[in-house]
Chemist: 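Encoded as structure tokens, here's the structure I'll be asking about.
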Amino acid sequence: MKGLLILLTILLLVPLLLLGTILLAPSIALPPLANLWLVESGIQVKSLEGVHLGWRETSASGVQFDAQGMLVDVGDVGLSYRLRQLLTGKLNGITIDTVSVTPRTTEAATGPGDRVLEELLAPLSGLPLTSLSVGELRYKGNPELTAELSVTTAPLQLSGRLTSAENASQALAFSLQETAPRQFTGNLTATTAEEELLSADLEATVQNDDLNVVLETNLNLDVLQAVPDLASFLEGVAVDSGPLRLDSRLRLQSLSSEPSLAELDLTLDNALSSARVAWQQAESSLSALLTLPLQITGSSGTNLQNLSLLLNRMAGQVTFNSGTASLQSDLTAEQLELSCPELPVCNLTLTADLAIAEWQAGPVSGNAARLTGPYTLAIDGAVTRLSSPSISLNLPEIRIDDQVAAAEIQLRNLLVDLPGQTLSSDFATTRLDPGIEGLTLNNPGLEGRLTAGSTALSADLTLNLNNRLQATLQIEQALADGSPGNGSAKLTLQNYVFTDSFNLASLVSYAGLDLDLVAGSLDGDATINWQPGDDGNWRLSGPLHVALNEVSGIVADSFFVGLDTELRAGITDGPGLASDGLLDATLATVDVGLPLNRIDWRYGFDTRAGLYNLRDLHTDLLGGSLQIADFQYDINASQNRLQVALVNLDLATIVALANYPNLQVSGAISGYIPLLIAPGGITVEQGLVSALNPGGSIRYTANSTAIGNAGLELINQALSNYQFDNLDSEVSYDENGELEMAVHLKGRNPEFEDGRRINLNVTISDNIPTLLESLQAGRVITERLEQRLNSQ
């Protein structure tokens, strides 16, 4: 009996002692009891301070526990309950003033890494309480976050407000409710400075370790531009789209271990089905009107790296304006793919078609251009580069003043460094038309490399004609504050040898200029320097050199052989050319019907002033020579005068041109022909030609006796052996080419009337162009030229 009494006493004392321990030292007694109670929730209490116990509520000034591998410090916590709830293992509610959550290292974590998302959510639904309220929750990870949190169970509901430690003015408010096991609905609202950035309704489903989310989001882009973190990025950018809606569907998998984005579908739209994005900086502006909706799909690798987004098609209109350039176009971009192997390293690839309606760059403009090709935009932090292996640029109209040129260009290896403001590209034309009326280039091609930076632009170009003639052009252009400054261009024409097969006509032709070069060689070079003047006009300078060596060819119905000259000149403002003093030239032969041989002369010019000088010209002509001492042609003058000297022309040679077999003439003449050059044509007034001592002779044998015409019979007899000692003539020539020569002869025929003196007056008139044509009639120019070349 006594033993039974002792046992009962012990049984009564143990609960009393336990109750006493809880009441007298709760900080020691409650943690083990709480851990027994919370073991299924994966929560372990480490310490408990400032505990106050009551029949309906309990409070503590501090609690530290380990939850799912995170160390949690709680300040000022209060528990409310009823005795009946305690007996069933539940609390009415918990209110917490502050919570600090510190992520543990992988080694220190207590093992949630191998638990799937569904297992991690289970403790929330099974929390032994009705509600949980947290005034301030601080997450001391990266990034650091601050939140307000409210949790209720049965069903599970979570709501709160999340802010970043770096920018407390930005916040994300959320509200989630479990509508079925592992299925949630709710909404999100993002604000900055109390203004709403976006609001979204969401649906989420958890299955094992995957999360499926559907979002319907309303965006406020006007407020988005006011976000400090985006303000510098969006500086100068304005978006006019009306309210935007973003529908999103995504699936995240393996969230508790190596999270990845398995599926992503985004659709951006608004009621207007369009959005306008404008950019303005200084005098430049860029506007793009995008056609909505835009649809984006994507995925990522583990830990959300290797992000890949695909936008199948984007269309819209682009307008660009600056102080000297403008562009209006339609834009179509396809297969836009964004891949980010490791943020912030990303590559954007796309194929774009820019149909340009109008464009203008300084004095150059055009319509209906097209730019197509694949592009890659590489982003690595602050470094952004645009590149393309090949781009097609079609310019059917390049207008400069009244000239309209055209070109099709293939750009290769394009590279644009946006932060460094540099550009480089190789290029080649597949079509090139200079647009000069009457000028035809045979199979022209232009290729080279273009590089540009923030301070300079350079280009190395090669021009080919019919894959034979080649010229190189090097351009250097300085840039100052975005405006062109001093620059230079060096042109080099490689030595080209003309032949019958590779003549000038195989390279180029010009309507109105009937010219072909078939022999000899040509080379040259030029340097053009330019700089802006204070008056807004450009100042030009630089040397020009062209060498013609033994050049022969055909001009209209005439030919020339053996032209030699070195043209040296300077480029002047205007623009214009001015020769370096007087230049020498020689020509073996010119045949215009009358053969001119061994021609040499000196020449000079100033195209800006309209002055052309000819000096010391000498050529063999008709057994004698033709000479011009000095002549200056002023293109601005109403008329110009030229004195042509005829020296020792052989009369026999002159008469032979007329092909009169019954007429033989001997002697020589000299004189001068004053030419008057005016817009209406060339005229001659009072030209004088006279015979040289000792005179000459005329022998004319009539085909038949002029029976019945005593005067004509007398003339035939007098000219049968007429010896003249004096011959004077007056020459006139009008704009129509009519030549009139009044010839006065004084002499005698020893065999007629005892040799008495006879004076003859003869008027000769003819059309010189017609005469020259008759002299050229029946001959083949190319054969005559070939014969002459073979004789050289």
Side-chain angles (χ1 to χ4, degrees), residues 282-284 322-327 359-366 393 395 398-405 407 409 421-427 429 432-436 439 441 444 446-463 470-494 523-547 566-581 583 604-612 635:
E283 296 182 358
S284 300
S322 71
T324 59
S326 65
L327 177 144
W359 63 273
Q360 182 244 333
V364 186
S365 63
L393 175 59
L395 299 169
I398 307 173
R399 186 177 297 277
I400 306 176
D401 297 327
D402 294 331
Q403 289 184 211
V404 181
I409 305 171
Q421 300 181 36
T422 61
L423 177 149
S424 63
S425 178
D426 300 318
F427 68 92
T429 60
L432 182 62
D433 181 358
I436 301 175
L439 177 65
L441 301 181
L446 184 67
E447 60 183 1
R449 181 168 181 80
L450 175 68
T451 59
S454 58
T455 59
L457 178 149
S458 64
D460 291 317
L461 313 176
T462 300
L463 173 65
Q470 187 176 89
T472 60
L473 178 63
Q474 296 175 308
I475 300 175
E476 298 288 339
Q477 173 65 66
L479 302 174
D481 299 326
S483 299
N486 296 352
S488 65
K490 180 174 178 59
L491 174 67
T492 302
L493 177 64
Q494 304 297 328
D523 64 78
D525 59 79
T527 299
I528 306 174
N529 303 304
W530 58 83
Q531 61 183 20
D534 296 336
D535 57 359
N537 296 320
W538 291 94
R539 301 287 183 262
L540 302 178
S541 62
L544 169 71
H545 169 247
V546 177
E566 282 200 44
L567 189 156
R568 298 186 179 275
I571 300 168
T572 63
D573 293 335
L577 286 176
S579 61
D580 294 342
L583 309 173
F605 53 85
D606 184 343
T607 62
R608 184 183 180 189
L611 298 177
Y612 301 86
I635 196 171

Chemist: List for me each residue that meets salt bridge (Lys or Arg N to Asp or Glu O under 4.0 Å) alongside Glu447, sequence neighbours excluded, and say none if there are none.
Modeler: none
Chemist: Which value, rounded to the nearest 0.5 Å, describes the distance between Leu491 atom CG and Ile528 atom CD1?
Modeler: 7.5 Å
Chemist: Return the minimal non-hydrogen interatomic distance between Glu476 and Trp530, and the atom names on each side.
Modeler: O-CZ2, 4.1 Å
Chemist: For Thr451, enumerate each residue passing the side-chain hydrogen bond (donor to acceptor under 3.5 Å, both in side chains) test, keeping only those at least two apart in sequence or located in another chain.
Modeler: Ser458
Chemist: Return the OG to CD distance between Ser326 and Gln360, rounded to the nearest 0.5 Å.
Modeler: 4.5 Å
Chemist: Show the nearest heavy-atom pair for residues Asp580 and Gly570, with the distance to one decimal.
Modeler: OD1-N, 3.9 Å
Chemist: With rounding to the nearest 0.5 angstrom, report the CG to CG distance, Leu395 to Asp433.
Modeler: 12.0 Å
Chemist: Salt bridge (Lys or Arg N to Asp or Glu O under 4.0 Å) with Arg568: which residues, sequence neighbours excluded?
Modeler: Glu566
Chemist: Do the side chains of Leu461 and Leu446 get nearer than 4.5 Å, heavy atoms only?
Modeler: yes
Chemist: Among all residues two or more places apart in sequence or in another chain, which pass the salt bridge (Lys or Arg N to Asp or Glu O under 4.0 Å) test with Asp426?
Modeler: Arg449
Chemist: With a 4.5 Å limit on heavy-atom distance, are the side chains of Leu423 and Leu457 in contact?
Modeler: no
Chemist: Kindly write out the residues that satisfy side-chain contact (heavy atoms from CB on, under 4.5 Å) with Leu567, not counting sequence neighbours, or none if the list is empty.
Modeler: Leu544, Val546, Ala569, Leu583, Tyr603, Phe605
Chemist: Kindly compute the distance separating CG (Asp606) from CG (Leu611), expressed to the nearest 0.5 Å.
Modeler: 6.0 Å
Chemist: Under the rule for side-chain hydrogen bond (donor to acceptor under 3.5 Å, both in side chains), what residues qualify as partners of Arg608, not counting sequence neighbours?
Modeler: none
Chemist: With sequence neighbours excluded, what pairs up with Asp460 under the side-chain contact (heavy atoms from CB on, under 4.5 Å) test?
Modeler: Gln474
Chemist: Tell me the closest heavy-atom pair linking Pro434 and Ala405, and the distance in Å.
Modeler: O-CB, 3.3 Å
Chemist: Apply side-chain hydrogen bond (donor to acceptor under 3.5 Å, both in side chains) to Trp359 and list each qualifying residue two or more places apart in sequence or on a separate chain.
Modeler: none
Chemist: With sequence neighbours excluded, tell me which residues meet side-chain contact (heavy atoms from CB on, under 4.5 Å) with Gln403.
Modeler: Ile436
Chemist: Nearest 0.5 Å, please: how far is CG in Leu493 from CG in Asp525?
Modeler: 9.0 Å
Chemist: Which residues pass the side-chain contact (heavy atoms from CB on, under 4.5 Å) test with Asn529, not counting sequence neighbours?
Modeler: Ser488, Thr527, Ser541
Chemist: Test of understanding: with side-chain hydrogen bond (donor to acceptor under 3.5 Å, both in side chains), list the residues that count as partners of Gln470, not counting sequence neighbours.
Modeler: Asn464
Chemist: Below 4.5 Å, heavy atoms only, C-beta onward: do Thr472 and Gln494 meet side chain to side chain?
Modeler: yes
